[in-house]
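Step one of this worksheet: look at the structure below.
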Amino acid sequence: MSFLMLERKDRGVCVDIELYRSNKNLSDDLVDSIFEKAVSGKTLIKNRRTLTIDYVPEKLPFRDEETKTIAQTLAVVLKGARPSNLLLFGKPGTGKTAVIKNVVQRLHQKAKDLGIEVTVPFVNAKSANTGYKVLYEIAENMGINQEEEKKLQVHFTGLSMGEATDRILDFIQKKKKLHVVLIIDEVDSLVERNGDDILYNFTRANEQISGGGFISLIGISNSLTFKDKLDPRVRSSLSEEEMVFNPYTVEQLQKILADRAKLAFNDDVISSAAINLCAAMAGRENGDARKAIDLLRVAAEIAERERLTNVEEKHVRLAQEKIEKDTNHEVLKNSTTHTKIIILAIMKSKNGNTGEVYDIYSSLCNNAEHEPLTQRRITQIISELDQLGLVSSDVVSKGRYGRSQRIKITVPTLTIREAFKDDPSLSTWDLVD
DNA sequence: GCTCCACCGGAAATTAGGGTGG
DNA sequence: CCACCCTAATTTCCGGTGGAGC
């Protein structure tokens with residue numbers, strides 16, 4: 001029931017595209033670097049793990065206040081009392097998850113020393129995908145499924161939401177003094193998909209639990225407007241305390257990167273100009289530290305591959321391109337056949353208005369002997385592509401001649417061609433022109 | 001001003017697939 | 001076996017709507 005174990009589990013189920021990509025690169029590069037090392041006898045990178053996304057540093061610069069407050073809030077657990085529910089807000093890459101994980105790790109240690117049992121299930125609502133899966137993950141994390149009695153387990157499907165929730169609460173009840181601090185990362189995506197029922201049940205749960213057990217909730221949200229979507233009752237009880245993580249400034253990012261670089265690289269391998277450039281580029285994207293560290297890692301990997309002995313600014317620029325290209329490639333490659341056909345249709349269309357794209361799409365479908373989807377569905381898929389940044393679309397009104405969208409591909413044709421070339425369901429003639 | 005095109009985009013319903021408890 | 005649960009993708013239905021042209 002250690003936190004580390006839970007963390008690994010969380011990593012295992014993660015389907016985040018970015019994570020997936022970087023993990024993949026990681027193993028590729030591992031092999032590369034072994035070869036590289038054999039050839040040159042030395043490497044740039046001394047500790048690769050410190051550049052991965054889920055590495056939690058010992059100390060988080062510029063987050064002392066936040067760390068302290070959270071620690072104070074959670075500390076009451078050590079006295080057997082229920083901590084306030086807590087809501088953390090902040091843009092991606094502002095250190096929310098890192099701070100929480102850091103504090104929880106230490107809390108666990110302390111609790112262990114004192115012989116107090118605290119259960120801290122950690123769920124990422126986004127990678128869990130569905131509301132039910134969130135419950136399942138929680139149950140799994142809490143060890144409910146080790147129960148001998150089958151009737152108390154939470155299966156991965158088949159139960160109703162209410163039943164699953166009840167079983168989790170019963171478990172807490174039965175174990176008497178179970179102290180639970182439930183952390184839900186990216187709660188906003190949970191609420192968007194399933195409403196706030198689950199949160200409601202958990203916030204209310206303490207009234208039903210008797211015998212010394214309790215459950216506290218920590219929600220982590222990327223969206224600052226998330227609270228508006230909650231039912232007032234849930235809102236007030238969930239945010240007994242709340243905290244906003246502000247984006248890092250460029251100067252702060254520089255410091256963070258410099259610290260991290262010390263851990264990750266051998267001495268004098270990376271120029272401060274390169275670090276500053278990483279910071280500047282990530283700074284433009286809302287001060288996203290994750291992005292900055294990503295850039296640093298990829299830049300180093302590029303330099304390493306070229307067998308250079310240090311990382312320069314140009315590698316950072318190359319890294320930027322590579323990251324973008326890889327994400328696009330991954331998304332394109334893994335999209336459904338219909339989505340691919342739609343992209344082809346958009347490429348073939350002249351003005352990119354909906355009707356035209358839909359006509360081209362339908363005829364492509366007929367050629368390939370695919371049943372075409374409805375136009376409604378197509379607009380939906382297009383707007384999904386828009387959100388992924390593969391396509392840009394804005395509505396234009398042409399007065400008399402109706403309203404439509406102007407849809408344009410924002411990815412190089414080459415990237416698309418490369419991503420699609422392995423798909424057997426697209427005939428080759430679709431790809432020309 | 002008013003019309004009316006050619007769509008947009010929300011909401012509910014349907015379909016299909018994988019499971020459960022009694 | 002039957003009633004019922006959950007999800008995901010898609011269809012069905014339908015109430016808007018910006019602005020060129022009358």
Side-chain angles (χ1 to χ4, degrees), chain A residues 13-17 123-140 144-145 147-171 184 186 189-202 225 228-229 331 334-343 345-346 349-366 368-388 391-408 425:
Chain A
V13 297
C14 194
V15 293
D16 190 283
I17 289 168
V123 194
N124 184 315
K126 197 168 191 180
S127 56
N129 259 325
T130 78
Y132 189 88
K133 247 188 199 152
V134 169
L135 290 178
Y136 176 69
E137 292 284 316
I138 293 170
E140 192 84 333
I144 292 180
N145 294 347
E147 282 287 312
E148 322 80 58
E149 271 193 81
K150 216 172 183 174
K151 285 200 179 172
L152 298 174
Q153 294 187 359
V154 176
H155 307 90
F156 66 91
T157 181
L159 298 177
S160 71
M161 292 287 221
E163 181 67 22
T165 314
D166 285 350
R167 289 186 185 188
I168 292 173
L169 298 183
D170 281 352
F171 180 78
I184 307 182
E186 323 224 34
S189 73
L190 172 64
V191 173
E192 228 162 76
R193 277 195 308 261
N194 294 280
D196 48 15
D197 292 5
I198 295 177
L199 295 180
Y200 178 73
N201 287 331
F202 278 119
T225 56
D228 304 340
K229 293 177 203 149
V331 174
N334 296 326
S335 46
T336 63
T337 310
H338 280 296
T339 307
K340 290 177 183 169
I341 297 177
I342 292 166
I343 290 173
I346 298 172
S349 74
K350 259 256 166 344
N351 325 315
N353 50 0
T354 317
E356 189 190 3
V357 169
Y358 186 69
D359 287 346
I360 298 174
Y361 160 79
S362 309
S363 68
L364 284 178
C365 275
N366 288 334
E369 296 185 331
H370 277 105
E371 214 33 39
L373 302 173
T374 0
Q375 180 155 345
R376 177 72 191 86
R377 178 66 184 138
I378 301 310
T379 53
Q380 194 173 317
I381 289 175
I382 289 173
S383 87
E384 279 161 18
L385 288 173
D386 190 15
Q387 284 194 345
L388 287 169
V391 142
S392 81
S393 75
D394 29 22
V395 277
V396 260
S397 176
K398 286 172 290 177
R400 187 74 276 195
Y401 306 106
R403 295 177 96 202
S404 180
Q405 286 190 97
R406 202 186 317 111
I407 310 157
K408 266 193 175 147
S425 51

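The sequence lines fix the lettering, A, B, ..., with proteins before strands; numbering per chain opens at 1.
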Scan for side-chain hydrogen bond (donor to acceptor under 3.5 Å, both in side chains) pairs involving residues 368-379 of chain A, sequence neighbours excluded, and state none if there are none. A:Arg376-A:Thr379
Between side-chain atoms of residues 392-402 of chain A and protein atoms elsewhere (two or more places apart, or another chain), which donor-acceptor pairs fall under 3.5 Å?
{"residue": "A:Ser393", "atom": "OG", "partner": "A:Asp386", "partner atom": "OD2", "Å": "3.3"}
{"residue": "A:Ser393", "atom": "OG", "partner": "A:Gln405", "partner atom": "OE1", "Å": "3.0"}
{"residue": "A:Ser397", "atom": "OG", "partner": "A:Gly399", "partner atom": "N", "Å": "3.4"}

Would you kindly say whether A:Glu140 and A:Asn145 are connected by a side-chain donor-acceptor distance under 3.5 Å? yes
For nucleotides 12-15 of chain B, give me every protein contact, N/O to N/O, under 3.5 Å, one pair per line with atom names.
none

What pairs with A:Ala125 under side-chain contact (heavy atoms from CB on, under 4.5 Å), at least two apart in sequence or on another chain? A:Val134, A:Ile184, A:Ser189, A:Leu190
Roughly what angle, to 10°, lies between the helix axis at the start of the helix from B:dG1-C:dC22 to B:dG22-C:dC1 and the one at its end, five pairs per end? 30°
With sugar-phosphate meaning primed atoms plus P, OP1 and OP2, does A:Gln405 contact a base, only sugar-phosphate, or nothing at under 4.0 Å between heavy atoms? sugar-phosphate
Polar pairs (N or O, both sides) under 3.5 Å between protein and nucleotides 6-8 of chain C?
{"residue": "C:dC6", "atom": "OP1", "partner": "A:Met161", "partner atom": "N", "Å": "3.1"}
{"residue": "C:dT7", "atom": "OP1", "partner": "A:Tyr132", "partner atom": "N", "Å": "3.3"}

For A:Tyr358, what residues pass the ring pair (Phe, Tyr, Trp, His ring centres under 6.0 Å) criterion, not counting sequence neighbours? A:Tyr361
Residues which pass side-chain contact (heavy atoms from CB on, under 4.5 Å) with A:Asn351, listed by chain and number, not counting sequence neighbours: A:Asn353, A:Glu356
Sorted by chain and residue number, the side-chain hydrogen bond (donor to acceptor under 3.5 Å, both in side chains) partners of A:Thr165 (sequence neighbours excluded) come out as none
Can you list everything that forms a side-chain hydrogen bond (donor to acceptor under 3.5 Å, both in side chains) with A:Ser404? Sequence neighbours excluded, please. A:Thr354
Per-nucleotide protein contact along nucleotides 10-20 of chain C, 5' to 3', at a 4.0 Å heavy-atom cut-off (B base, S sugar-phosphate only, - neither), is BBB----BBBB
Applying salt bridge (charged side-chain N to carboxylate O under 4.0 Å, His left out) to A:Lys340 and not counting sequence neighbours gives A:Asp423
